[in-house]
Amino acid sequence: MGKYWKIILFSAVIISSVGGYYIQQTMAASTNDVSFTIETTSGNKEEVNNLVFGAIYQSSDIFREIYFSKDGTTGWVMNSLIEDFLNSKGPYVLRQITKEHRNFMRGKELHPNQYFEDESRLIYTTVLNDSKEMRKGESVVFQIDILDKNQNDSASFKINTPNQTSSAWLNVEDVYVKNGKIKLLTTHFFENGAEELHIYTIDENKREFETDSIISKSGSKGRSINDIRLFNDFSTFQNEKYYLYADHDIPQYGNVENEINIGNIYLYNNSSNEAEEWEIPADLKPNSELMILHGEAIFIPVFSANGIELHRYNIEKKKWEEPLSFNYQSKFNEEELPFLKLSDERLYLVNPVSDGNALFIGDLRTGELLYEGKITRENSDHLETDYSLIIQQLYSTN
Amino acid sequence: MKSFLKLVNFELNRFFKLYFILMGLTIVSQIVGAFIVAIVYMNDAERIIYERQISSSQYIEEYGVFSFFNYFNSGWFLMPIIFCIALLILYVFFIWYRDWLGKNTFIYRLLMLPANRVNIYFAKLTTIMMLVFGLVGLQLLMLPVEVKIIKSLVSEDFQTSFSFNEIHHLPILSWLYPVRFTEFVMMYGIGLILVAVIFTAILFERSYRLKGIFFAIVYGILSFCVFMVPLLLNSFYTNYFYPNELLVLQLVATIIVLGSAIWIANHLLKHKIRV
């Protein structure tokens with residue numbers, strides 16, 4: 001056996017060092033895991049029951065994409081190849097849908113804009129043209145997949161639209177389904193920088209193309225590019241009663257950040273199929289980039305060191321209503337605004353504070369503060385003191 | 001088994017002198033590098049503090065603290081690793097050709113051994129992997145020593161905290177030491193397959209000589225294609241396969257490539273090899 005000492009030595013060094021290292025890694029994993037907790041300061045605790053935050057955690061050179069709720073944190077180490085590979089891709093809402101309808105979701109693109117869901121159906125739309133690139137005169141072909149959730153049965157059909165001009169590619173922005181019609185809001189991008197906003201209407205029962213309406217056009221204007229900016233939040237799968245969009249001037253030269261301008265603003269009504277120009281008051285124009293269309297109202301947030309003032313325009317009543325004010329102390333900085341989301345008639349705001357992030361939930365109907373809490377890091381003893389948590393999305397699991 | 005162990009021991013002995021030199025070079029370069037990088041940083045910091053008459057905290061505010069990345073990204077640390085990798089890649093070829101092209105055609109004796117000839121293949125494969133893991137292990141033993149040296153030379157105020165458990169976040173080390181043991185097995189498993197395919201390609205060349213070069217190239221391309229099938233399927237049919245399905249497909253492709261490499265090598269060694 002003595003003559004094999006080299007093999008024995010090699011094996012001993014390898015097993016002890018590599019084995020020891022990975023045992024230590026496994027033991028350290030539990031203490032090095034990053035987890036966040038939501039502590040209630042005041043208000044109704046149940047407000048956070050169904051919330052899932054998607055965020056990026058950064059500490060020194062470590063970046064982690066994490067999801068956390070009141071029940072805990074899940075996430076993965078970005079340097080982990082296998083975890084990157086094995087983790088489901090796409091936004092949280094689509095991961096949940098994929099879990100529920102695994103067969104239907106096979107091969108689908110993971111953009112929430114392309115989906116519609118109600119109690120009985122899940123509808124997915126995609127553009128079938130090669131890499132979504134159009135050739136001049138080529139017809140745009142959509143594929144519509146419909147899952148009957150009750151019967152667990154799916155159907156798929158293709159829709160050929162009439163000839164198109166030479167747009168370079170197009171994106172499906174939203175799917176609106178009502179009264180047997182499927183309406184697809186699409187943006188067409190042209191090689192010269194111009195854009196068009198189309199609404200394609202499809203008869204769901206006859207599976208036939210009906211109309212293609214161009215609701216907005218933009219093009220190059222001298223030294224600036226004029227694109228179309230949409231202000232709806234398309235991260236959910238429900239119908240949007242209105243679309244809010246505007247001409248958006250981006251200068252090609254000079255200081256881009258300071259010169260972006262919102263031009264004419266339009267409101268499209270999905271029930272009447274009509275678009276009309278909408279005026280923003282002069283004093284709110286500087287905040288027009290932050291406009292949000294939520295339900296039947298347009299909200300314009302104005303941030304300050306004392307909190308947020310939410311100006312609101314009721315589309316149905318065609319009038320401005322009393323602004324809602326939510327007060328909190330903040331280190332106001334125009335470059336780093338708090339995370340803001342309007343969903344389910346609620347305002348969700350996450351504002352960085354010295355020892356974590358403050359979470360506010362307000363009622364959009366009454367202006368009442370429903371919940372105040374703090375998002376803090378747990379088990380911090382083993383972790384770097386400096387870290388940042390960038391909230392990217394908020395999902396409601398209702 | 002005994003003949004296999006003998007062969008592995010024999011192959012290790014043949015490379016041991018050069019291997020010790022490699023290990024020595026790595027140790028010396030990295031230890032000297034740890035001293036130099038830390039001393040240069042402290043000298044620079046002291047010089048700037050003296051010249052500009054600023055406090056340590058002001059210096060840290062303007063220039064930042066010592067980052068262990070300075071050391072792990074330095075040539076002192078990286079060059080010996082790259083040199084070892086390059087030499088071991090060369091040795092993958094040399095381990096076979098030295099048996100034919102050496103002073104005595106040693107392959108005669110190897111092929112005449114009263115044991116299964118595929119043992120030669122396995123012994124060489126095991127030797128290469130042991131040499132790789134030996135250096136991987138040595139580097140793991142060296143890291144805490146190097147970190148300790150730097151910590152002892154750089155004043156505490158100028159240091160960032162550095163945890164040994166986070167070495168997998170460092171550029172080259174994330175490849176050497178993947179974050180999970182399963183990934184370590186996968187990563188070095190791919191390396192093992194690559195070496196096995198190269199060995200079989202070499203045996204093609206040694207069996208059919210000039211024609212063998214063509215066979216070796218075709219075989220190499222075929223193996224690569226089979227190995228890549230799951231990834232190609234995934235790029236052609238985006239999102240069609242779920243991650244766990246892709247993992248199973250990759251496992252099957254891996255077994256096919258490794259299995260065929262061993263089977264072909266066995267066949268060539270038994271029936272086709274020329275001396």
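Chain letters run A, B, ... following the sequence lines, proteins first and then strands; every chain starts at 1.
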J.: Under a 4.5 Å heavy-atom cut-off, does chain B meet the side chain of A:Ser11, its backbone, both or neither?
T.: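 Both the backbone and the side chain of A:Ser11 come within 4.5 Å of chain B.
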J.: Find the distance between CD1 (A:Ile7) and CG (B:Asn13) and round it off to the nearest 0.5 Å.
T.: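 Between atom CD1 of A:Ile7 and atom CG of B:Asn13 there are 8.5 Å.
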J.: Please check if the number of heavy atoms outside B:Glu61 that lie under 6.0 Å from its CD is greater than 12.
T.: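 No, because the 6.0 Å sphere around CD of B:Glu61 holds 12 heavy atoms or fewer from other groups.
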J.: Distance-only criterion, 3.5 Å: show the donor-acceptor pairs between side-chain atoms of residues 3-10 of chain B and protein atoms not counting sequence neighbours.
T.:
residue : atom : partner  : partner atom : Å
B:Ser3  : OG   : B:Asn119 : ND2          : 3.1
B:Asn9  : ND2  : A:Lys3   : O            : 2.8

J.: Evaluate the side-chain proximity of A:Ser17 to B:Gln139: yes if any heavy-atom separation is below 4.5 Å, no if none is.
T.: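 No, every pair of side-chain atoms sits at 4.5 Å or beyond.
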J.: Below 4.5 Å from any heavy atom of chain A, which atoms of B:Leu131 appear? Answer side chain, backbone, both or neither.
T.: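 It is both, since atoms from each part get that close.
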J.: Under 4.5 Å from any heavy atom of chain A, what part of B:Tyr188 do you find: side chain, backbone, both or neither?
T.: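 Interface part for B:Tyr188: neither.
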J.: Measuring heavy-atom distances to chain A, does B:Glu245 have an atom under 4.5 Å in its side chain, in its backbone, in both, or in neither?
T.: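 B:Glu245 touches chain A through side-chain heavy atoms alone.
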J.: Looking at chain A, which one of B:Phe181, B:Tyr242, B:Phe133, B:Tyr237 has the largest number of heavy-atom pairs inside 4.5 Å, strictly under?
T.: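 Highest number of heavy-atom pairs under 4.5 Å: B:Tyr242.
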J.: Roughly how far, to the nearest 0.5 Å, is CZ of B:Phe184 from OH of A:Tyr22?
T.: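 Interatomic distance, A:Tyr22 OH to B:Phe184 CZ, rounded to 0.5 Å: 5.5 Å.
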J.: Write down the atom of B:Phe16, the atom of A:Lys6, and the distance for their closest heavy-atom approach.
T.: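 In this case the closest contact between B:Phe16 and A:Lys6 is CD2-CE, 3.3 Å.
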J.: Assess whether atom CZ of B:Phe224 is packed by more than 12 heavy atoms of other residues, nucleotides or ligands within 6.0 Å.
T.: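 12 or below, so no.
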J.: Please round to the nearest 0.5 Å and tell me the distance separating atom CZ of A:Phe10 and atom CE of B:Met129.
T.: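 Between atom CZ of A:Phe10 and atom CE of B:Met129 there are 12.5 Å.
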J.: Going by heavy atoms in the side chains, are A:Val13 and B:Leu138 under 4.5 Å from each other?
T.: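 In short, these two side chains do not touch, never coming nearer than 4.5 Å.
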J.: Near A:Gln151 CD, under 6.0 Å, is it more than 12 heavy atoms from other residues, nucleotides or ligands?
T.: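 Incorrect, the count does not exceed 12.
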J.: Would you indicate whether B:Arg109, at its atom CZ, is surrounded by more than 12 heavy atoms from other residues, nucleotides or ligands within a distance under 6.0 Å?
T.: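 Result for CZ/B:Arg109: open.
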J.: Roughly how far apart are A:Lys108 NZ and B:Tyr240 OH, rounded to 0.5 Å?
T.: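 Reported value, rounded in 0.5 Å steps: 9.5 Å.
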J.: Once you round to the nearest 0.5 Å, how far does CH2 of A:Trp5 lie from CG of B:Leu12?
T.: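 Interatomic distance, A:Trp5 CH2 to B:Leu12 CG, rounded to 0.5 Å: 10.0 Å.
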